[in-house]
Amino acid sequence: MTEQTDTKIPAQAEGPVAPETAEAPEAAAVPVAPAAAEAVTAPEVPETATAEIAPETAEAPEAVGAPVPVAAAEAPEAPATSETAEAPVAPAARRPSKRVLWAVARWTAAVVVCGGLGAGTALGITSMERTDVPGLATGSDGRWEYPKLSLPALPQDVPRPYTDGNEGEIHYADLRKLLLPAPAGATVDPKLNGGWVSVDEYLSQYDKDARVALKQALDESALRHIAARGWTTPDGTTTRIHLVRFKSVAFAEDFKDNALEAGSSDGHFPAGVGSAVIDESTFDVRVPFTVLYGYAETKPFGPEQTRWVHIQAGDTVALITQSRKGEALTVPFQQTVALQNQLLG
């Protein structure tokens, strides 16, 4: 037996221990003592001896009862510490130094401050008018600043004109509340402050030669009310709006076509106007269910030029005039006509 053991020691020493220990869990099910004995006597099983590295192999020499060679006894120790031992615990993470923490805090504070400044700047810009933003400021195009417009309330269960149930296109709202308000900065004419006016006051807007015929036409028609508003803007433009309401669309249309002769070159002009042409700038003013006819005074005219328009909207006929020293401007005239037409339409 001593000779056999000596002959097998080199075989045990030659087999690498670490590579074979990967299969240790399967070999652990075999009884430890017999396996150790077989590793000594049987030459065919040189690898199973090296595989027996589970913790239980530490008792193998006592079970055999024979002296255990030094190489065999030392073999289990090396793999036991590397393969079968518990997984090494990862070292605790190092705490960042105060220097790092201070740098992070500074950058975080910087980001917060920049974000707040950016949000405040964006809010300030969006709340500003375009003309107040440097680089985006644009010059005025000549339009006036009117108050926010809204249609007046109607009596209960009364439809608006041009809607179902109001085939007569009657304006049941207070006619005075359908007048366009004066723009910002304008001086309101105290005689035309948005209230009722007389027939004579309305006729004074036309040439003297036309007043007699127009007055007769109004007397023969079913006139209901006349409301008016006038103002003068800082640039010297004088605006007057008169709304004349009749009892029906038929009377309004007859007065427009036959008395005023709107749309004709032979129509009645405002006071002080000698000749005029169709004002093409009013062609772009389109409101459903209304019709309008615009004119512009032609040269030679006096110190002022006048533009005017006749509008029929259902039972109401409107007269809008604008006069200005030198020349009556196109943009404010278009704007005024469009807004008043929308209130009537």
Side-chain angles (χ1 to χ4, degrees), residues 175 179 189-193 195-232 236-283 285 290-313 315-330 333 336-337 340-341 344:
L175 191 64
L179 283 167
D189 186 342
K191 296 181 179 180
L192 305 176
N193 57 6
W196 305 119
V197 296
S198 64
V199 172
D200 290 337
E201 202 289 321
Y202 168 69
L203 294 176
S204 67
Q205 304 303 309
Y206 294 94
D207 189 75
K208 292 182 179 180
D209 296 339
R211 295 174 188 174
V212 174
L214 292 177
K215 182 176 178 59
Q216 183 177 356
L218 289 175
D219 290 340
E220 295 175 355
S221 66
L223 175 66
R224 294 178 62 90
H225 304 290
I226 303 176
R229 174 173 284 127
W231 64 81
T232 302
T237 301
T238 299
T239 303
R240 296 184 180 90
I241 301 176
H242 289 75
L243 302 183
V244 183
R245 186 163 70 182
F246 298 86
K247 289 186 177 180
S248 69
V249 176
F251 285 109
E253 188 169 1
D254 180 72
F255 181 76
K256 176 201 67 175
D257 293 339
N258 298 320
L260 296 176
E261 299 184 57
S264 171
S265 58
D266 297 330
H268 297 296
F269 294 166
V273 176
S275 60
V277 294
I278 299 295
D279 191 343
E280 297 182 357
S281 68
T282 60
F283 290 173
V285 180
T290 68
V291 292
L292 64 85
Y293 307 91
Y295 305 88
E297 185 179 6
T298 58
K299 294 180 179 181
F301 47 77
E304 294 183 338
Q305 183 191 29
T306 300
R307 294 175 184 262
W308 76 97
V309 66
H310 287 121
I311 301 174
Q312 184 194 350
D315 63 343
T316 302
V317 174
L319 168 65
I320 303 175
T321 62
Q322 277 192 357
S323 300
R324 181 176 180 270
K325 185 177 181 179
E327 179 185 4
L329 302 178
T330 300
F333 181 64
T336 303
V337 171
Q340 181 60 75
N341 202 9
L344 294 174

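Please read these numbers as outputs of a predicted model, since none were measured by experiment.
Side chains of V309 and V285 form no contact here, defined as non-hydrogen atoms less than 4.5 Å apart. D257 has its side chain out of reach of Q312: every pair of non-hydrogen atoms, C-beta onward, lies at least 4.5 Å apart. The shortest side-chain heavy-atom distance between L319 and Y206 falls under the 4.5 Å cut-off. D189 is not listed as a side-chain neighbour of T232, based on a closest heavy-atom distance of 4.5 Å or more. Side chains of F269 and D209 form no contact here, defined as non-hydrogen atoms less than 4.5 Å apart. Side chains of V273 and Y295 form no contact here, defined as non-hydrogen atoms less than 4.5 Å apart.
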Report the C-alpha separation of F333 and T237 in whole Å, then their side-chain angles, then the decisive distance to 0.1 Å, and conclude whether the side-chain contact (heavy atoms from CB on, under 4.5 Å) test is met. CA-CA 10 Å; F333 181 64; T237 301; over 6 Å; no
Side chain to side chain donor-acceptor pair (under 3.5 Å) evaluation trace for Q205 with T321: CA-CA 9 Å; Q205 304 303 309; T321 62; 4.6 Å; no
Applying side-chain contact (heavy atoms from CB on, under 4.5 Å), run through Y293 and L260 and close with a yes or a no. CA-CA 11 Å; Y293 307 91; L260 296 176; over 6 Å; no
Can you check side chain to side chain donor-acceptor pair (under 3.5 Å) on R307 and T330, steps first, answer last? CA-CA 9 Å; R307 294 175 184 262; T330 300; 2.9 Å; yes
Quick one, K215 with D200, criterion salt bridge (charged side-chain N to carboxylate O under 4.0 Å, His left out). Give me CA distance, side-chain angles, the key distance, then yes/no. CA-CA 8 Å; K215 182 176 178 59; D200 290 337; 3.7 Å; yes
Determine, stepwise, if the pair I320 / I311 fulfils side-chain contact (heavy atoms from CB on, under 4.5 Å). CA-CA 8 Å; I320 303 175; I311 301 174; 4.1 Å; yes
Does the pair V244 and L223 meet the rule for a side-chain contact (heavy atoms from CB on, under 4.5 Å), with working shown? CA-CA 8 Å; V244 183; L223 175 66; 3.3 Å; yes
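Between Y202 and H242, the ring-plane angle classifies as tilted under the 30° and 60° cut-offs.
The shortest heavy-atom contact between L243 and A318 is CD2-CB, 3.5 Å. Scanning all heavy atoms of the two residues, the minimum distance from L329 to Q322 falls at O-OE1, 4.3 Å. Residues A210 and H268 come closest through the heavy atom pair CB-ND1, 3.2 Å. Looking at every heavy atom in both residues, R211 comes nearest to S204 through NH2-O, 3.3 Å. For the pair S221 and F246, the tightest heavy-atom approach, listed with the atom from each and the gap, is OG-CE2, 3.3 Å. What you find for T316 and A252 is that their closest heavy atoms are N-CB, 4.2 Å.
Partners of R324 by salt bridge (Lys or Arg N to Asp or Glu O under 4.0 Å), not counting sequence neighbours, listed by chain and number: D235. Checked against side chain to side chain contact (heavy atoms under 4.5 Å, CB included), A313 has the following partners two or more places apart in sequence or in another chain: Y162, H171, T290, L344.
In this structure, E201 places its CD atom where more than 12 heavy-atom neighbours from other residues, nucleotides or ligands lie under 6.0 Å away.
One distance of note links CZ of F251 with CZ of R245; it measures 15.0 Å at 0.5 Å rounding.
Between the E297 side chain and the T306 main chain, a donor and an acceptor come within less than 3.5 Å of each other.
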